[in-house]
2 protein chains.
Amino acid sequence: MGIANLAFDRKSCGSCPIRHRAVCARCNDEELAELETMKTYRSYEAGQPVAWAGDPLEFVASVVVGVATLSQTMEDGRTQMVGLLLPSDFLGRPGRDRVAFDVTAVTDLTLCCFRRKPFEEFMARTPHVSQRLLEMTLDELDAAREWMLILGRKTAREKIASMISIIARREAAMQKKAATDGFGFELPLTREAMANYLGLTLETVSRQISALRRDGVIALEGNRRVHIPSFEALLHETGDDSDGGMPA
Amino acid sequence: MGIANLAFDRKSCGSCPIRHRAVCARCNDEELAELETMKTYRSYEAGQPVAWAGDPLEFVASVVVGVATLSQTMEDGRTQMVGLLLPSDFLGRPGRDRVAFDVTAVTDLTLCCFRRKPFEEFMARTPHVSQRLLEMTLDELDAAREWMLILGRKTAREKIASMISIIARREAAMQKKAATDGFGFELPLTREAMANYLGLTLETVSRQISALRRDGVIALEGNRRVHIPSFEALLHETGDDSDGGMPA
DNA sequence: CTCCCGGTTTGATCAGGATCAAGGAAGATC
DNA sequence: GATCTTCCTTGATCCTGATCAAACCGGGAG
């Protein structure tokens with residue numbers, strides 16, 4: 001996951017290598033300078049927890065490098081992933097004082113953090129920031145609702161195909177190129193994490209990935225690297241068909 | 001669903017019988033007067049569509065009386081409900097120009113509508129409104145993510161118990177009383193709609209409701225009216241146990 | 001009254017995915 | 001090089017919920 005791929009912003013917060021989508025998009029230089037004073041970086045190793053549900057919420061942050069997940073766990077250990085955070089995604093909920101879901105680093109992870117209180121004061125003074133945050137939250141809500149269709153109504157094969165196509169689309173966007181046929185990328189999750197994402201077991205995930213490989217819908221190099229010979233064929237397996245499954 | 005139960009607000013928008021949670025909570029009299037000029041009411045009969053995914057988004061609205069659903073449908077007819085809108089809930093997404101999901105009236109429904117453009121201009125001038133809307137959207141996002149756990153990891157019986165307990169909690173809040181043992185209320189959905197909500201078939205919904213009745217967890221009068229002898233016993237069936245499943 | 005109709009219940013059978021179990025591959029560490 | 005460890009694959013069997021099918025119930029219309 002090379003950081004070079006992430007340099008899609010011209011206006012960045014000082015030394016922060018990526019633009020904070022939520023914060024900086026419409027900020028002027030003065031506002032950026034103020035944000036600069038509240039900023040700190042934090043790093044986490046793969047597999048480490050970032051925060052637990054119920055913790056006091058001290059920081060909001062933006063993912064700089066790596067992948068983090070939001071998840072819920074039931075008392076008997078069943079867990080369901082409810083969010084996947086890739087570089088440039090925003091983490092944290094201004095206006096709340098508790099963390100809502102468990103946050104875990106699934107790869108080595110770097111966050112660019114803002115202390116919540118000063119950030120909220122900044123927001124209150126800067127209406128376009130809360131408007132931008134509202135837009136982002138609406139995007140997340142759309143994504144969550146699309147995910148509900150996948151969890152509630154799709155077969156195991158369709159779930160896997162949907163996940164691969166969603167990750168491929170984000171990966172292509174991140175690399176600033178179209179998701180054309182022949183596109184290849186790395187799956188950022190273990191089979192177990194995919195299972196928690198899709199509401200399946202890891203055995204079923206493994207079997208369905210093997211099945212899609214056997215059927216020529218995807219090609220694999222090793223366990224993690226995926227190559228898509230035909231996007232159309234992949235989309236056909238998602239059950240959405242026709243369009244890419246984007247909410248209209 | 002008596003309208004008397006909804007009169008929980010002292011500050012309402014003129015003739016609108018309920019406060020618009022999103023809009024009015026912190027508005028002064030001048031702002032309320034301005035909102036008054038953009039307002040129209042619309043009514044829909046039970047079963048009628050309110051809007052389809054992809055339609056141009058002309059209005060935002062607040063539910064005054066009745067129940068509406070948000071849902072997605074796959075090409076082969078499988079459908080998944082992704083939102084349930086009860087009185088005082090907000091409908092529509094400022095800043096978007098297309099409807100994202102199918103909206104259907106499941107009971108007779110009255111909406112209090114604001115034309116989107118003037119409403120957005122009002123928002124831009126009134127920062128506390130976009131902040132309030134952000135809070136509400138975060139609430140919806142939490143609800144959607146809790147729902148993902150239900151869809152992805154719970155058994156049919158746990159799904160039914162979770163749904164009943166969620167509706168009971170909202171109903172109790174609406175009636176302004178605690179959800180104590182012995183609480184009774186009406187299910188606002190058909191078995192089929194519940195199935196679409198829970199990612200089940202209507203037969204399974206019916207069977208599991210019967211099973212919970214047989215086991216004394218709930219009591220039924222007719223098909224729709226539910227009576228809960230012991231909230232603790234119901235919560236125990238949800239799989240969440242210990243607490244009520246609220247995000248921390 | 002009878003007929004119909006949408007919503008609901010219940011039964012019988014089937015199948016998709018879970019579960020239990022064993023083994024393989026690629027890195028780490030010694 | 002040998003041995004762990006982690007992640008992944010594959011096989012055999014089981015079980016929950018889907019599917020197919022029939023009948024029930026209450027209400028409205030004729």
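Chain letters run A, B, ... following the sequence lines, proteins first, then strands; residues in each count from 1. Since the structure is predicted, the reported quantities are computational estimates derived from the model, not experimental observations. Reckoned from all heavy atoms, side chains included, excluding hydrogens, waters and symmetry mates.
For B:F185, the ring-ring contact (aromatic ring centres under 6.0 Å, His included) partners two or more places apart in sequence, or in a different chain, are B:F183. For A:S230, the side chain to side chain contact (heavy atoms under 4.5 Å, CB included) partners at least two apart in sequence or on another chain are A:D181, A:E232, A:A233. Residues passing the side chain to side chain contact (heavy atoms under 4.5 Å, CB included) test with A:L84, sequence neighbours excluded: A:V67, A:T69, A:M81, A:L86, A:L189, A:Y197.
Using a 4.0 Å heavy-atom cutoff across all strands shown, A:T190 reaches sugar-phosphate atoms only and no base atom.
Under a 4.0 Å N-O distance rule, the pair B:E186/B:R225 qualifies as a salt bridge. B:R145 has a carboxylate O that lies under 4.0 Å from a charged side-chain N of A:E140, or vice versa, which qualifies the two as a salt bridge. Note on A:R170 versus A:D89: salt bridge recorded, some NZ/NE/NH1/NH2 to OD/OE distance being below 4.0 Å.
When the C1' atom of D:dC7 is taken as reference, atom CG of A:L220 falls 14 Å away, rounded to whole Å. Rounded to whole Å, atom P of D:dC7 lies 12 Å from atom CZ of A:R191.
Side-chain contact, B:T204 with B:T201: a donor N or O sits under 3.5 Å from an acceptor N or O. Side-chain atoms of B:N223 and B:R191 form no donor-acceptor pair, as typed in the model, at a separation below 3.5 Å.
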Exercise. Starting at the 5' end of nucleotides 12-27 of chain D, put B wherever the base has a protein heavy atom under 4.0 Å, S where only the sugar-phosphate does, and a dash everywhere else.
Key: B----SSBB-------
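For DNA chain C, the outermost nucleotides in 5' to 3' order that have an atom under 4.0 Å from a heavy atom of chain B are C:dT8 to C:dA12.
Rounded to 10°, the helix from C:dC1-D:dG30 to C:dC30-D:dG1 has 30° between the axis fitted to its first five pairs and the one fitted to its last five.
Without hydrogens or angle criteria, A:D142 side chain to A:D139 main chain gives no donor-acceptor distance under 3.5 Å.
With respect to B:R153, the side-chain hydrogen bond (donor to acceptor under 3.5 Å, both in side chains) criterion is satisfied by exactly one of A:T73, A:D76, A:N196: A:N196.
Regarding contacts with the backbone of D:dC8, a side-chain N or O of A:R224 is found under 4.0 angstrom from either OP1 or OP2.
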